[in-house]
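Heavy atoms only: backbone and side chains are in, while hydrogens, waters and symmetry mates are out.
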2 protein chains.
Amino acid sequence: MGVRVQSDRQGKTQAQRAVLELRHMVLAGEIAAGGRLFEVELSEHLGISRTPLREALGMLEYEGLLLRRSGGGYEVREFTFDDVSDAIELRGIIEGMIARVAAERGVAPARLDVMRETVAALDTVVGTDANDVNFARYSELNTQFHLALADMAQSSVLRRELEHVTRLPFAAPGDFLNIQSQDPRFLRSLFISQAQHRAVLEAIELGEGARAEAIMREHARGARHNLQHVVRTDRSQLRNIPGLTLVDDKSLLGVKP
Amino acid sequence: MGVRVQSDRQGKTQAQRAVLELRHMVLAGEIAAGGRLFEVELSEHLGISRTPLREALGMLEYEGLLLRRSGGGYEVREFTFDDVSDAIELRGIIEGMIARVAAERGVAPARLDVMRETVAALDTVVGTDANDVNFARYSELNTQFHLALADMAQSSVLRRELEHVTRLPFAAPGDFLNIQSQDPRFLRSLFISQAQHRAVLEAIELGEGARAEAIMREHARGARHNLQHVVRTDRSQLRNIPGLTLVDDKSLLGVKP
DNA sequence: CTCAAAACTAATGTATACATAAATGGTAAA
DNA sequence: TTTACCATTTATGTATACATTAGTTTTGAG
């Protein structure tokens, strides 16, 4: 799944390391949305030959960050605000299907235990007061929760598709947790989110497929709400959401305040 | 979308042509599921250097047909019966979301007209009697219908995701239309399918998002029913479904007759 | 001045050689 | 017999040179 942990930085091959570097360059705005990528220039910049660089470009195309041009070469993909919104919702749709399938087919006790432990740990982290939230730990456990969920359907097709969607910047479950906001609505959303974690675990345990699906779809809506909250009240926080620099200004301006 | 038309055969580059050839080799069973692919051997076999061959292998990994091995290199992905089933259902889930979003956001009249014409053409092709079906034309128009639907949400994220899913063999809308069956249940499924085409068009026109979504989800179920029908009554037809050679025998045997 | 064709330059696609890592086979020790 | 180690072979990763295509500039005609 699109989880950007530090250990990814030590890629095994030059191509993999180039992926990390190029991704960073794009997300940092060093190459603008719509901007072309030139192989010779980039390979010199990264100090590698064109061969692994080309491989890296292909991988980033798979991730959805780059587009192939009809005449060859790549450009950085530009997103609209709706794209961001759709990607988040799509994640919810697929996680919803995963949760339903897990509920319908049943889950091995060991896998349920993993999720139970994660949910219990999340409960301790969230606390009972908005000032009582360990954000870093929450983010970590949130990721674990979503990884555990991805495995629950025991379906390589579903896992792979979820992985594909969440490779987009802004589409992974934890991509909105870097927002620095003291607005109580934002902080309160964590409580709601955790309630949904608990609820979907219960729905799966009880074999309630439709309920599980509905909960996960609504769960993703939380990220969409947070996105809208940021756009409306504090746009400086957009820099804390990966990939938002790639969204065109026109569609951001068009978001109703 | 995963539409395999003949014009794809003339790839612009050697890498693209290698993709076509390799895909064929895998789907024809020339390389078995789980089997390794060796670059030097394949490049000699295809008469190209390793460079475009490597590019082609990467593209087929993106399609989901090949898996990357931890020590490098690729192997052909093996599927279970459930994988096939899940892929079909997942397509329905995503097409369902597309239909809902189209209904919710509205669709430009020109796009609606395209779909109206396609549905009308499908009506003439399906006829009123099971013996009165022009299969080749149906298949063509069915593809057009699904392409038109993919465009209707006007969402690059959704279109791209649908494209990704349907790149899998057996997951594209037309992948079950090569089944040669005189069983009236199979033939009748075309009538039902076409009724669903009509219904989803109407739902989108009327802005009925939930209805549109439900119809497309059920629509994909038709392909799952046809798959089960074939497995239970006439397994010789499995060769007419792309990618079924890649499904492990064990899970095929496990399908209840 | 505009447009089309030709010439030139830059970028991408491909082949090949070299470097590095993975896999295989043989041998010795427990 | 099994396991570990080492040497050899094979396969993949990378660099570089060459071939082909795309893009830009220049020139000439109407």
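Contact check, B:Gln14 against C:dA15: a side-chain N or O comes under 4.0 Å of OP1 or OP2.
Here B:Arg54 pairs with A:Glu55, B:Glu39 under the salt bridge (Lys or Arg N to Asp or Glu O under 4.0 Å) rule; sequence neighbours left out. For B:Glu61, the salt bridge (Lys or Arg N to Asp or Glu O under 4.0 Å) test picks out no residue, with sequence neighbours left out. A:Phe176 is linked by a ring-ring contact (aromatic ring centres under 6.0 Å, His included) to nothing, counting only residues two or more places apart in sequence or in another chain. Partners of B:Asp248 by salt bridge (Lys or Arg N to Asp or Glu O under 4.0 Å), not counting sequence neighbours: none found. Qualifying salt bridge (Lys or Arg N to Asp or Glu O under 4.0 Å) partners for A:Arg69, counting only residues two or more places apart in sequence or in other chains: A:Glu75. For the ring-ring contact (aromatic ring centres under 6.0 Å, His included) test, residues two or more places apart in sequence or in another chain that qualify with A:Tyr62 are A:His164, B:Tyr62, B:His164. Partners of B:Ala136 according to the side chain to side chain contact (heavy atoms under 4.5 Å, CB included) rule, which considers only residues two or more places apart in sequence or in another chain, are B:Asn134.
Contacts between residues 53-61 of chain A and DNA chain D, defined by a heavy-atom separation under 4.0 Å, are absent. Interface residues of residues 65-73 of chain B facing DNA chain D, ordered by number: B:Arg68, B:Gly72, B:Gly73; criterion, heavy-atom separation under 4.0 Å. Residues of residues 29-37 of chain A that place a heavy atom closer than 4.0 Å to DNA chain C, in numerical order, are A:Arg36, A:Leu37. Proximity of residues 38-49 of chain A to DNA chain D (heavy atom under 4.0 angstrom from any strand atom) is restricted to A:Ile48, A:Ser49.
B:Thr13 comes within 4.0 angstrom of sugar-phosphate atoms only, judged by non-hydrogen atoms across all strands, and of no base.
Taking the C1' atoms of five terminal pairs at each end of the helix from C:dC1-D:dG30 to C:dA30-D:dT1, the two resulting helix axes are inclined by 20°, rounded to 10°.
Projected onto DNA chain D by closest heavy-atom contact, B:Tyr74 and A:Arg50 fall at different nucleotides, the more 5' of which corresponds to B:Tyr74.
Nearest approach of A:Thr245 to A:Leu27, heavy atoms of both residues: OG1-O, 3.3 Å.
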Give the intermediate values and the outcome of side-chain hydrogen bond (donor to acceptor under 3.5 Å, both in side chains) for residues B:Ser85 and B:Arg224. CA-CA 6 Å; B:Ser85 225; B:Arg224 281 183 66 174; 3.0 Å; yes

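A side-chain donor-acceptor contact under 3.5 Å links B:Arg77 and A:Ser156.
Taking the centre and axis of the six-membered ring of A:Tyr74, the NZ or CZ atom of A:Arg36 falls outside the cone set by 45° and 6.0 Å.
With A:Leu90 as reference, B:Leu158 is the one residue of B:Ile93, B:Leu162, B:Leu158 to meet the side chain to side chain contact (heavy atoms under 4.5 Å, CB included) rule.
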